[in-house]
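Below: the structure, in structure tokens.
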Amino acid sequence: MDSNKELLLSKAELILKEAEKQGASQSQATINLTNLNLTRLANSIIDQNVAEHHVKVKALLYFGKKKGSVNFEIFEDTDIKNAVSQAASLARISRENEDFKSLPNPKKYPSLNLGSLVCEATYNTTPELRAEYAKLAIDTAHDVDSRVAAVAGYVQNTTSERVVMNSLGVAGYEMRTSSDIELTILARDGAEETAGWSGDARRDVRDLKVEEIARVAAEKSAEGFGMKDLPPGEFEVILEPAATAGLLFYTSMLGFGARRHQEFMSYLRDRIGEEVFSEKLTMYDNALDERLVGASLFDDEGVPHQKVELVDKGVVKNLVYDTLTAGKDGVESTGNHAQWWGPAEPIARHIIAEEGNSSIDDMISETKKGVLVTHFHYMNPVDPTQGVLTALTRDGTWYIEEGEVKYPLRTLRFTDAIPRFFKDIDMIGKHSKFLTRPPYGMIPGMKLPSFRFSGSKKE
Amino acid sequence: MFTLHSEKPLKDMTESALEVCRNLGASYADIRIVTIKDEDISVKLGNVSVLELRETIGFGIRCLVDGGFGFAGSYDISADKVRRIAELSVRIAKASASTRKKPVELVDVKAVKDSYTTPYKKNPFKVPIEEKVNYLVEVDKRLGEYNPDLIKFTNVDYRSHSEDKVFSSSEGAYITQKIVFCGGGFSCMAISPGSPPQRRSYPGSFRGDFSTSGYEFFESRKLLEHVEEVAEEAVTLTTAKQCPTEKATVLLDGHQLMLQIHESCGHPTELDRVLGTEAAFAGTSFMTVDKLNSLRYGSDHVTLVADSTNPGGLGTFGYDDEGVKAKRVELVKNGLFVGYQSSRETAALIGLSESSGGMRADNPQKLPLIRMVNINLEPTDWKRNEIIEDTKNGILMSTNKSWSIDDKRENFQFGTEIAWEIIDGEIGQILKNPTYTGITPEFWGSMDASSKDDWRVWGTPNCGKGQPPQVMYVGHGCGTARFHNVRVGIMGGK
Ligand SMILES: [Zn+2]
């Protein structure tokens with residue numbers, strides 16, 4: 001395995017040195033080197049198959065409270081110098097940002113076993129191995145039922161190295177590998193098309209549960225025939241782990257990020273300390289949990305990750321912060337700075353909800369009139385300030401009555417508010433035996449007593 | 001800002017990459033070498049929160065070997081790396097081929113040598129950044145001053161983008177292009193005790209409106225002149241009447257109609273989706289091949305086209321990333337579903353003679369996919385005011401706030417920032433939290449008017465698709481349109 005640690009650190013140092021020459025009062029260098037390989041399945045063949053090598057370099061300079069940054073994908077020293085000088089001229093013409101106090105000071109990184117984040121076999125995954133996995137998935141699924149018509153999905157492996165350094169002495173480096181697979185399997189009988197889904201993620205590509213998830217997804221598609229419509233209304237709902245995960249991600253992103261609070265967008269504004277959720281819900285963010293495929297030492301500004309309690313027995317405990325938002329509220333960063341889509345903001349990307357003891361079968365047998373959901377599609381906030389979400393069911397939804405699965409359902413839309421549907425939780429399941437990539441950590445299935453389905457294909 | 005660090009001229013680089021692919025057995029290969037520059041400025045609550053330049057340089061090689069496609073790309077444009085990436089793309093193609101039942105076939109395209117630049121007057125990158133920052137700060141300041149007791153959040157965004165692409169194929173095409181766009185917008189949020197926050201944006205939400213034009217486009221949107229009107233609307237919304245829950249006649253204008261077209265016509269007519277390529281992620285489509293030329297998609301008044309030649313459209317270019325020349329393709333003609341957005345591979349799969357020219361990648365190291373160009377609703381002979389005057393009872397909804405649509409693109413639900421009652425042909429009071437839901441063909445089947453005088457091509461740089469994910473900039477031409485019997489007021493959870 002080739003680590004580029006020394007190279008990345010020396011490039012980051014060059015950025016800081018150049019920033020100092022330019023007269024910056026503080027500076028930060030970030031470098032992400034990513035090798036991403038993704039084999040995409042559709043119609044039971046490999047349909048798209050790509051390898052992408054990226055380097056993302058960022059120079060961020062402060063002149064007092066004025067900042068400028070340059071993001072680039074070039075590694076040559078002359079270009080780095082050029083970029084830093086550009087960032088300096090941007091910072092000089094910018095305006096004072098009164099919210100800015102300082103970039104983060106160095107803190108000791110936790111004693112996470114760094115070696116455990118990297119797997120040589122994943123690093124060395126070949127296009128041929130991904131094709132083998134693809135064929136295994138395709139064959140397994142078609143063997144489950146003759147009506148299985150199309151296997152779709154992907155097999156992916158990535159290796160990433162990153163460095164964050166700043167002029168105050170922060171210096172973080174980590175290398176990680178991961179692999180994951182997701183399958184959506186379509187079945188047809190001439191009259192109907194059904195679908196099933198499952199997925200798994202591992203740091204060691206050899207541990208991916210390819211056959212098992214192919215079987216789960218294919219069985220769902222085979223059991224999906226005879227779909228009926230359900231009129232809109234309030235029902236009990238049984239959420240498989242992937243369905244819970246979608247809801248909990250929005251619960252945390254819309255509610256617990258400090259930026260959303262400061263910008264009046266959070267549905268939990270002024271509700272910290274309040275018992276907003278069911279006492280059965282305990283949820284935290286913890287990137288340091290080595291069980292997580294996306295386990296990681298530090299955030300995108302080099303602040304060590306830590307366990308942050310979000311909900312304790314239903315009570316809203318803490319927000320997640322980065323350095324800028326923490327400065328504004330006069331607290332410390334929780335190590336949640338995330339530079340992903342849109343402007344950087346603090347987000348929980350390693351969500352763990354405490355598990356319970358119930359199986360999905362237990363939940364079914366406790367249900368009078370309810371809906372069993374595999375996962376949701378196209379979830380979006382209708383009104384983030386009230387926590388109202390909408391999304392559609394997908395890849396396997398069933399109607400449950402008097403403790404029994406009655407029949408599969410056509411696509412349903414829900415529109416409901418997080419603080420309403422998570423106010424009561426009847427039962428909590430075990431964590432899934434399949435793992436996931438960030439932003440999900442470990443999330444169990446759940447049964448809720450009331451969930452509002454607002455529409456279906458037949459309105 | 002940067003220089004390409006290749007030891008050889010670009011032309012030699014593309015030649016040698018294609019040569020490597022050919023020598024290793026590729027029946028077809030292409031290479032794109034791309035430089036992308038972005039300039040992002042955001043001002044928020046009086047602070048310049050983002051002032052950033054971004055630059056990407058890289059290349060991607062796609063090749064067809066033994067009937068399967070492979071793709072590989074890198075940021076490192078050294079001769080040695082280009083050769084190794086070409087070899088990798090061949091190896092990946094062979095792995096794909098090992099699972100195929102039938103080899104990939106491509107419809108013909110004329111291999112041209114050409115160059116193209118989207119027209120602009122003022123190069124947005126040449127306008128001093130200081131001037132842009134000052135303008136944005138001024139807009140933000142005026143928003144904040146409008147009603148400081150109620151307007152608690154303000155932000156203003158601007159972006160310039162330029163893309164230099166070289167496309168070269170083993171069939172002999174060599175095309176250079178420069179795509180330049182810019183745009184932006186502002187939003188503000190009013191909060192009054194006892195009312196949930198209400199946001200208003202101009203000219204559109206989610207960072208504004210964009211066009212393949214020069215800085216003159218951003219200037220023409222006249223942000224400063226709209227501050228007071230938009231801020232006042234946000235304030236009014238905090239005490240406005242709730243959008244009723246009922247079946248209503250709905251008028252949608254520019255920024256919302258654009259997204260309605262995007263989600264319910266743009267995505268379902270992408271032929272890769274239709275053929276199952278996106279089944280695992282974005283989903284498939286109800287507009288299946290057996291329905292081509294028979295499905296009533298909408299009323300007689302509904303004609304929708306994919307047009308990559310609209311001046312200023314955000315989906316406008318000279319050639320797509322397969323070297324197919326920009327063109328206009330009908331998707332829905334007078335209500336009848338008649339066409340798809342396609343690629344060379346997907347067009348061949350359903351027996352079309354040519355690609356619609358819709359293949360684009362958002363980054364040099366990404367695989368081109370079928371992406372919307374400008375998907376436009378052709379105007380009918382109405383003026384916007386005439387539609388309003390002709391409406392006895394209705395709701396005019398404006399500026400997208402939320403969206404969601406199922407995996408076959410049939411069941412959608414949208415929310416907008418603001419709505420107005422229309423009573424007896426006149427615009428009445430403001431309604432808050434407007435939402436509506438429907439089924440695609442029923443909804444478009446109820447459209448009886450769309451206007452010409454306010455028709456223009458809106459631009460959104462936020463369309464997501466693919467695995468690994470890509471974000472593409474696309475355009476939508478539309479005016480104001482009227483729909484009947486629409487379910488409105490779906491709030492849920494209250
Ligand atoms: Zn889209």
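From a predicted model like this one, the values you see are computed outputs, not experimental measurements.
- Of the possible polar contacts, none joining the B/E52 side chain to the A/S69 backbone as a donor-acceptor pair under 3.5 Å is found.
- In terms of heavy atoms, B/N411 sits closest to A/G455 at ND2-C, 4.3 Å.
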query = A/T126 and B/R91: side chain to side chain contact (heavy atoms under 4.5 Å, CB included), yes or no, with the steps?
reply = CA-CA 9 Å; A/T126 60; B/R91 186 172 167 189; 3.4 Å; yes
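- With a 4.5 angstrom heavy-atom cutoff, B/E278 touches chain A via backbone and side-chain atoms both.
- Looking at B/K81, the atoms closer than 4.5 Å to chain A (heavy atoms on both sides) all sit in the side chain, from C-beta outward.
- In this structure, the portions of A/S44 lying under 4.5 Å from any heavy atom of chain B include both its backbone and its side chain.
- Using modelled atom types, one side-chain atom of A/N43 and one backbone atom of B/L275 make a donor-acceptor pair closer than 3.5 Å.
- No donor-acceptor pair closer than 3.5 Å links the side chain of B/R54 to the backbone N or O of A/E73.
- Interface check for chain B: of the options A/M265, A/R130, A/M379, A/R269, the most heavy-atom pairs under 4.5 Å are formed by A/M265.
- Closest approach of A/E96 to B/N47, counting heavy atoms only: O-OD1, 3.3 Å.
- Heavy-atom distances place both the backbone and the side chain of B/K101 under 4.5 Å from chain A.
- In this structure, the portion of A/L38 lying under 4.5 Å from any heavy atom of chain B is its side chain and not its backbone.
- Panel note: side chain A/K67, backbone B/V48; no donor-acceptor pair is recorded below 3.5 Å.
- For B/I405, the parts lying near chain A are the backbone and the side chain together; criterion is any non-hydrogen pair under 4.5 Å.
- Within the 4.5 Å cutoff, the side chain of A/V382 has no heavy atoms near those of the B/W403 side chain.
- Nearest heavy-atom pair across B/T277 and A/D47 is CG2-OD2, 3.0 Å.
- Proximity of a side-chain donor or acceptor of A/T385 to a complementary backbone N or O of B/P196 within less than 3.5 Å is not detected.
- Between the side chains of B/Q413 and A/Y378, not a single donor N or O lies within less than 3.5 Å of an accepting N or O.
- Of the possible polar contacts, none joining the B/S96 side chain to the A/N49 backbone as a donor-acceptor pair under 3.5 Å is found.
- Across all non-hydrogen atoms, the minimal contact from B/S98 to A/A131 is OG-CB, 4.2 Å.
- Nearest approach of B/Q365 to A/E52, heavy atoms of both residues: O-CG, 3.0 Å.
- Only the side chain of B/R199 comes within contact range of chain A, with heavy atoms under 4.5 Å apart.
- Rounding to the nearest 0.5 angstrom, the gap separating the CG atom in B/L45 from the CD atom in A/Q262 is 10.0 Å.
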